[in-house]
Amino acid sequence: MKILVVGSGAREHAIVHSLAGEPTNLDIHAAPGNPGMGQEATLHPVDAADPTAVATLAMTLGADLVVVGPEAPLVAGVADAVRTVGIPAFGPSAAAAQLEGSKAFAKDVMAAAGVPTAMAHVCTTVDEVADALDAFGPPYVVKDDGLAAGKGVVVTTDRDEALAHAAVAFEARGAAGRVVVEEYLDGPEVSLFCIADGKTIVPLRAAQDFKRAYDGDQGPNTGGMGAYTPLLWAPGNLTDDVVARIAQPTIDEMARRGTPFVGVLYVGLALTARGPRVVEFNVRFGDPEVQVVLARLRTPLSHVLAAAAAGRLSEIEALTWSNDFIVNVVVAAGGYPGSVRSGDPITGIDAAQALDGVHVLHAGTAVDTSGQLVASGGRVLSVIGQGATLEAAREKAYAGVALIDLPGSEHRTDIALKAARNEIVIPS
Ligand code: AMP
Ligand code: GLY
């Protein structure tokens, strides 16, 4: 089978790495990919967000399946363009990708499907935002309606900061700008990836992400600074409950609207005193969570993705999983999530990967004219540790991080620490 993976982050490297590890040899291609993916796939310098360019590449290659990784190409219609030329695609249509592309659209679908989520007001002026903030009270949750790479949300007890975030969002988007103000959801967060073929759902295993930049959940929101799985502290029926009350009703509502959802419905949850509530939907795998989830998946990933793209998920075998714990620590360039340093040399990846139970996935990396691997983005590497306990997996991941040198780089030192110490509490 010939598979084209679209995107260039650690999420796409995780997908390629999983496919490359399957027992049956696959012919793996990536566009545009990154230097790490280049060791496991053939790279093509094609713009991931250009629907015509991706569809043309898929045709030229004679791809059997195209897997679209990031949200921006999905919202731009890359999966539609690929299907139009008769090639199966894993990823939602542009219309279905609005579940992530617009927070207001997602809220509307959730309301129609009866999905438990935070109460919200969609606002079009700063005055409306001020009224909504006062209606809910602190802590305040203010979200830019459009795509913002995980950085469009502010959670703060400072009313002025909340108003300032809304003002910046309105300014950036002009007259069409919308801001969503939400009720604050209290409780630990969980990410669950639900694979969908338009009708049927196959859930993967839950993971936990660390969204804030600094230790102790301090600092600004980021795309995610680390993750781990499995979540021994979560209720045993969590996955079944989330599929029954959240994912299936959402997939059914999307089908009812004539925009069936094919791909990954990423359900971001808060486990509150009143049960799981949706914090956000995304329409693709989460990064850095997918790096840990796929590291435990034993069923060949290609079977799952191809079945979803073909509408045959009801026919696949039950997924099987390794019993290991997996921890991912993200190494980010200095300054992330603000403006970052680029071009600094990265060394030590081979030494890290020589450790038993450690592998490294690339995100913002590039090779400079002298052939040196350098940083070229905010999140640079995912360092993944695997072990029989969460503590062992943490030790592996951090041993790998210690061997990697990137001047000025940053990482959190407390990924999976609370879980390893049994300190995570669901409010009651
Ligand atoms: P989003 O992009 O909607 O996922 O929001 C980014 C992050 O902001 C989430 O992962 C949460 O940590 C936080 N957040 C978003 N909405 C809420 C909410 N209603 N209550 C509490 N925290 C939230
Ligand atoms: N890890 C959060 C996200 O992928 O949106």
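Read the numbers this way: they start at 1 and go in the same order the structure lists the ligands and their atoms. Note that the structure is a prediction, hence the values are computed from the model and not measured. Values reported hereafter were calculated over all heavy atoms of this structure, with side chains retained and with hydrogens, waters and symmetry mates removed.
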Does G223 reach ligand 2 with a nitrogen or oxygen that is under 3.5 Å from one of the ligand's nitrogen or oxygen atoms?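 Yes, there is a polar N/O contact under 3.5 Å.
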Below the 3.5 angstrom mark, is there an N/O of K211, backbone or side chain, next to an N/O of ligand 2? no
Salt-bridge present ([X], [Y]; N to O < 4.0 Å):
{"X": "E289", "Y": "R296", "result": "no"}
{"X": "D344", "Y": "R341", "result": "yes"}
{"X": "K143", "Y": "E280", "result": "no"}
{"X": "R11", "Y": "D287", "result": "no"}
{"X": "D217", "Y": "R412", "result": "yes"}

With heavy atoms of [X] as the reference, note each atom of ligand 1 found under 4.0 Å away.
{"X": "E183", "answer": "18 (C), 19 (N), 20 (N)"}
{"X": "K103", "answer": "1 (P), 2 (O), 3 (O)"}
{"X": "E189", "answer": "9 (C), 10 (O), 11 (C), 12 (O)"}
{"X": "K143", "answer": "3 (O), 15 (C), 16 (N)"}
{"X": "V141", "answer": "16 (N), 17 (C), 18 (C), 19 (N), 20 (N)"}

Any N/O pair Y184/ligand 1 closer than 3.5 Å: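 Not met; the criterion fails.
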For residues L4 and A63, report the shortest heavy-atom separation together with the two atoms involved.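 Closest heavy-atom pair between L4 and A63: CB-CB, 4.4 Å.
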Measure the acute angle between the ring planes of H17 and H359, then classify it against the limits of 30° and 60° as parallel, tilted or perpendicular.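 Ring orientation of H17 relative to H359: parallel.
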What is the ring orientation for F210 with Y228, classed by angle as parallel under 30°, tilted 30 to 60°, or perpendicular over 60°? tilted
Out of R284, R11, E189, who is nearest to atom 4 (O) of ligand 2 when you count heavy atoms only? R284
Judged by heavy atoms only, the candidate from L185, V142, N221 nearest atom 7 (C) of ligand 1 is N221
R212 to ligand 1, any heavy atom closer than 4.0 Å: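 No; R212 lies far enough from ligand 1 that no heavy-atom distance drops under 4.0 Å.
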Which ligand 2 atoms, with their elements, are less than 4.0 angstrom from a heavy-atom of [X]?
{"X": "N282", "value": "5 (O)"}
{"X": "G286", "value": "4 (O)"}
{"X": "P288", "value": "1 (N)"}
{"X": "D209", "value": "1 (N), 2 (C)"}
{"X": "Y266", "value": "1 (N), 2 (C), 3 (C), 4 (O)"}

Strictly under 6.0 Å, is that where the ring centroids of H121 and F136 end up?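 Aromatic pair counts; centres sit under 6.0 Å.
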Would you mind listing every side chain to side chain donor-acceptor pair (under 3.5 Å) that reaches into residues 252-261, with sequence neighbours excluded? D108-R257, Q248-D252, E253-R256, E253-R257
